[in-house]
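Structure first, then comments.
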Amino acid sequence: MDETEFWALVDGAREDAEGDPEEQADLLVERLVLLDPEAVLDFARHFEARYQRAYRWDLWGAAWVLLDGCSDDAFDFFRCWLIGQGREVFEGALHDPDALAELLDDFDEEVDGDAEDLGYAADEAYEQLTGLVMPDLGLPPAPEEPEGTPLDFENEALLAARYPRLWERLRGD
């Protein structure tokens, strides 16, 4: 599975789920079980590589603004959700996290920003196909700390200055 096929699966499931992250995860599992186990492993590698790329302080700050606070676990689920938004939103957010203000049409912090189940879709599909737990993907270990410079998430003035478009859109200050 190449990158184009990976994003096509993500996008198709999101569109058919009409943006509902839980439904998107269910649809993704349904589509992955139609593939062979090696393709599911490829999908998992693509997903995990992007999940690790998004482990950055600047993106965590954007998630903090979007979600009005963001714990370690919430940031994990946010990164799954961000991948689920598709290539354009994902790559745009990595390029400039504040651009999420324009990249996201609607954002409801009660529903959006949390897609934990997407992170398990490939595992579930692999287990359904093989009856086995997914093996190690052979990727480098996850970093212990996010990439970049830590931010003081409790400093609203700093967040407003660092993410002016997101702050204006979501906090209106």
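- For Leu166 against Leu66, the heavy-atom pair with the smallest separation is CD2-CD2, 3.8 Å.
- Residues Leu59 and Ala54 approach most closely at CD2-O, 3.5 Å, considering heavy atoms.
- More than 12 heavy-atom neighbours from other residues, nucleotides or ligands sit within 6.0 angstrom of CD on Glu102.
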Please lay out, stage by stage, how Val65 and Leu100 fare under the test side chain to side chain contact (heavy atoms under 4.5 Å, CB included).
CA-CA 11 Å; Val65 173; Leu100 284 167; over 6 Å; no
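- Counting heavy atoms from C-beta outward, Val29 and Leu32 have side chains that stay 4.5 Å or more apart.
- A donor-acceptor contact shorter than 3.5 Å links the side chain of Gln24 to the backbone of Val10.
- One hydrophobic cluster, built from ILVMFWY side chains closer than 4.5 Å, holds both Leu9 and Trp81.
- Taken together through direct or relayed side-chain contacts under 4.5 Å among Ile, Leu, Val, Met, Phe, Trp and Tyr, Leu35 and Leu132 form part of one hydrophobic cluster.
- One distance of note links CG of Asp2 with CG of Asp42; it measures 9.5 Å at 0.5 Å rounding.
- Taking hydrophobic clusters as Ile, Leu, Val, Met, Phe, Trp and Tyr residues chained together by side-chain heavy-atom distances below 4.5 Å, Leu28 shares a cluster with Val89.
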Between Tyr163 and Asp58, does the side chain to side chain donor-acceptor pair (under 3.5 Å) criterion hold? Intermediate values first, please.
CA-CA 9 Å; Tyr163 307 98; Asp58 60 348; 5.9 Å; no
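- Screening Arg165, Arg162, Arg169 for a salt bridge (Lys or Arg N to Asp or Glu O under 4.0 Å) involving Asp98 leaves a single residue, Arg165.
- No path of Ile, Leu, Val, Met, Phe, Trp and Tyr side chains, each step under 4.5 Å between heavy atoms, connects Leu82 with Leu27, placing them in separate hydrophobic clusters.
- Heavy atoms from other residues, nucleotides or ligands lying under 6.0 Å from CD of Glu88 number 12 at most.
- The line from CZ of Arg53 to CD of Glu147 is 9.5 Å long, rounded to the nearest 0.5 Å.
- Paired with His46 under the rule ring-ring contact (aromatic ring centres under 6.0 Å, His included), one option of Trp7, Phe6, Phe90 passes, and it is Phe6.
- Contact record, Val40 with Ala125: CG1-CB, 4.2 Å, taken as the closest heavy-atom pair.
- Residue Tyr120 qualifies as open at atom OH: its count of foreign heavy atoms under 6.0 Å is 12 or below.
- Put simply, the side chain of Glu15 never gets that close to the backbone of Gly12: no donor and acceptor are under 3.5 Å apart.
- Between Pro97 and Arg56, some side-chain heavy-atom pair lies under the 4.5 Å cut-off.
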Begin with the C-alpha distance, continue with both residues' side-chain angles, and end with the deciding distance and a verdict on side chain to side chain contact (heavy atoms under 4.5 Å, CB included) for Arg87 and Arg50.
CA-CA 10 Å; Arg87 187 178 198 167; Arg50 279 149 191 81; over 6 Å; no
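- Between Glu116 and Cys80, every side-chain heavy-atom pair lies at or beyond the 4.5 Å cut-off.
- Other residues, nucleotides and ligands contribute more than 12 heavy atoms inside 6.0 Å of the CD atom of Glu91.
- Distance check, rounded to the nearest 0.5 Å: CG of Asp16 to CD of Glu30 gives 10.0 Å.
- Connection of Trp64 to Trp57 is established within a shared hydrophobic cluster, with ILVMFWY side chains joined at heavy-atom distances below 4.5 Å, either directly or through further cluster members.
- The CZ atom of Phe77 sits 12.0 Å away from atom CG of Leu118, with the distance rounded to the nearest 0.5 Å.
- Separating the OH atom in Tyr51 from the CD1 atom in Ile83 is a distance of 8.5 Å, to the nearest 0.5 Å.
- Taking each heavy atom of Arg79 and Asp76 in turn, the nearest pair found is NH2-OD1, 2.6 Å.
- For the pair Trp60 (side chain) and Leu151 (backbone), a donor-acceptor distance under 3.5 Å is absent.
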Test side chain to side chain contact (heavy atoms under 4.5 Å, CB included) applied to Leu41 and Tyr126, step by step:
CA-CA 8 Å; Leu41 290 173; Tyr126 188 85; 3.8 Å; yes
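- The CZ atom of Arg31 sits 11.0 Å away from atom CG of Asp26, with the distance rounded to the nearest 0.5 Å.
- Gly119 and Phe47 make their closest contact through CA-CE2, 3.8 Å (heavy atoms, listed as atom of the first residue, atom of the second, distance).
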